[in-house]
Amino acid sequence: MGRYLVRRLLQLVPVFIGTTFLIYWLVWSVPGDPFAGKCGERRCPQQYIDFMTDKYHLDQNIFVQYFTYMQNLLQGDFGETFSGRSINDIILTSYPNTMKLAVVALAIEAVIGLTAGVLTGLRRNGFLDNLVLVSTLFLIALPVFVVGFVLQWLFGVQWGIVKPTVSSEMRFSELIIPGFVLGSASMAYIARVARTSIAENRRSDYVRTAIAKGLPMRRVVGVHLLRNSLIPVVTLLGTDLGALMGGAIVTEGIFQINGIGRQVFRSIVTKESATVVSIVIVLVLVYLLMNLLVDLLYAALDPRIRYE
C-alpha cells in the first residue's frame, strides 16, 4: 500500500502541472482589455497600464508568465488582484464557506440517495421504486437554479420556515436547503446507481449463501450486500466533492453565500484572471486528492482489491 501511495502521489505531479498550465493558458488567452473598467468610465492612464503590465508580466509570453506564477505558488503566494488585494485572503475567506456548503450537500445526497437506492434495490417494481425513479428523473431534468428558486420561495418566503438567504454565520440550519439544492442532481444519480448495484449484487452467490446459512437479513444487507455495492457509490461521492465546490456558483448566488463560486463569478465579470486561475487550481487539487482517496477506499470496501 505504501509503494502504491507514493507512486500515485508522484503521478499527481505531471497531472497537476498539465492541468494548471491548460487552465492558465485558457484564462489568460481570453480576448479583451484586462484594464477595462478598472478606472471607472474613463480609460486608464497609460502610466497605470504600463505599471500593471510590468508588475503582472503581461508583456511576457505565456510560458514565462506561467513559470513565474508557479514559482510564487510553490511559496504559498497566489498573487494579488488588480486592486491590490491578496488572493490568499480571498481564498481563505470564501473557501471555508463553500466547503461547509459542499460537505452539507455531500451528506444530504449520501444519506438520502443511498437510503433510497438500497430500499428500491431490495424491492424493485413496487410503489416506492416507481416513486424514486420518477422523482430522481425529475431532479435530474430540472436545472439547479429552478430547484433553488422554488425551494427558496416555498421555505423562505411562502412558509417562512428558513431565511431566504444565508447569514454570515453560516449556521447548519441555514445550509440545509442550499445543500439540498446543490446536491439534488447528484443525489438522484446516487439513488439510481445504488439501486442498480444493490439489485445486481442481490442475485450473487455469496448473498444466496449467506441467506441459506440462516443469517439475519439485516446482517446480509448491511455487511455483505451493502459493502460490495458501495464501490460505484463511493466513486460518485468522492469525485463529487470537487464538482460541488466548482458548481456552487448558482447556489451561492441564489442564497447570497460568500463562497468560492461567487468569487469566481465576480472575477470573471471584472476580468481578474489571476483570481480565477488561483481558485480553479485549488479545485483541481481537491479533485486529484479526492480521486486518490477513492482509490484507497476501494481496498477497504472490497478485500479482493490489493495495491502493491
Side-chain angles (χ1 to χ4, degrees), residues 97-121 123-166 170 172-199 232-266 268-269 280 283 286-287 290:
N97 296 335
T98 300
M99 179 61 74
K100 289 180 184 178
L101 177 61
V103 169
V104 172
L106 195 70
I108 290 175
E109 69 182 50
V111 173
I112 299 178
L114 188 59
T115 302
V118 171
L119 293 178
T120 55
R123 300 179 179 179
R124 299 186 66 177
N125 301 322
F127 172 76
L128 181 61
D129 186 24
N130 293 326
L131 178 63
V132 170
L133 287 177
V134 172
S135 59
T136 52
L137 182 61
F138 188 73
L139 288 176
I140 293 173
L142 280 179
V144 174
F145 68 88
V146 174
V147 179
F149 281 124
V150 170
L151 294 184
Q152 183 187 49
W153 180 78
L154 286 176
F155 289 94
V157 179
Q158 188 71 15
W159 297 336
I161 299 176
V162 296
K163 293 181 179 180
T165 58
V166 177
M170 297 280 292
F172 174 76
S173 58
E174 299 176 326
L175 294 177
I176 295 179
I177 301 301
F180 181 88
V181 172
L182 181 60
S184 58
S186 298
M187 179 178 61
Y189 285 117
I190 287 173
R192 285 175 168 259
V193 169
R195 171 185 178 272
T196 303
S197 184
I198 289 288
V233 177
V234 167
T235 303
L236 282 177
L237 288 174
T239 56
D240 203 34
L241 182 60
L244 290 175
M245 291 190 296
I249 297 177
V250 176
T251 306
E252 290 178 355
I254 294 174
F255 294 95
Q256 300 297 307
I257 299 174
N258 185 28
I260 288 291
R262 295 192 72 189
Q263 294 295 342
V264 170
F265 178 75
R266 292 171 183 169
I268 293 174
V269 172
V280 175
L283 297 180
V286 173
Y287 262 117
M290 290 307 300

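Position 1 is the first residue of the sequence, and the numbers go up from there.
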Inter-residue atom distance Thr120.OG1 - Leu131.CG, 0.5 Å rounding: 10.0 Å
If we only count heavy atoms from C-beta on, is the Glu252 to Thr98 side-chain gap below 4.5 Å? yes
Hey, are the side chains of Leu137 and Leu133 touching, using non-hydrogen atoms and a 4.5 Å cut-off? no
Kindly indicate whether the side chain of Arg195, heavy atoms from C-beta on, has any atom under 4.5 Å from the side chain of Asp129. yes
When rounded to the nearest 0.5 angstrom, what is the spacing between CG in Leu114 and CG in Leu236? 11.0 Å
Validation row: Leu237, Leu106 side chains within 4.5 angstrom (heavy atoms): yes
Minimum heavy-atom separation for Met170 to Leu175, with atom names? CE-CD2, 3.7 Å
What are the two closest heavy atoms between Phe255 and Pro164, and how far apart are they? CD2-O, 3.4 Å
Looking at CD1 of Ile161 and OG of Ser173, how far apart are the two atoms once the value is rounded to the nearest 0.5 Å? 12.5 Å
Is there a side-chain contact between Ser197 and Val233 in this structure, where contact means two heavy atoms from C-beta onward sitting under 4.5 Å apart? no
Could you tell me whether a side-chain N or O of Gln256 sits under 3.5 Å from a main-chain N or O of Gly253, the two making a donor and an acceptor? yes
Checking Asn258 against Gln263: is there a side-chain donor and acceptor pair closer than 3.5 Å? yes
Distance-minimising heavy-atom pair for Pro178 and Thr251: O-CG2, 3.6 Å
Distance col, row Ile108:CD1 vs Met187:CE, nearest 0.5 angstrom, shows 8.0 Å
Please indicate whether Arg266 has more than 12 foreign heavy atoms, meaning atoms of other residues, nucleotides or ligands, lying under 6.0 Å from its CZ. yes
Here the pair of heavy atoms bringing Gly259 nearest to Asn97 is CA-CB, 4.4 Å
Of the non-hydrogen atoms in Thr136 and Ala188, which two are nearest, and what is the gap between them? O-CB, 3.5 Å
Reported CZ-to-CH2 distance for the pair Phe149 and Trp153, which is rounded to 0.5 angstrom: 14.0 Å
Separation between CG (Leu182) and CD1 (Ile254), nearest 0.5 Å, reads 10.5 Å
Show the nearest heavy-atom pair for residues Glu109 and Ser186, with the distance to one decimal. OE1-CB, 3.2 Å
Check: Val134 and Phe138 side chains under 4.5 Å, non-hydrogen atoms: no
With heavy-atom distances below 4.5 Å as the criterion, would you say the side chains of Gln152 and Val181 are in contact? no
Pick out which of Leu154, Val104, Val166, Val162 makes a side-chain contact (heavy atoms from CB on, under 4.5 Å) with Ile177. Val162
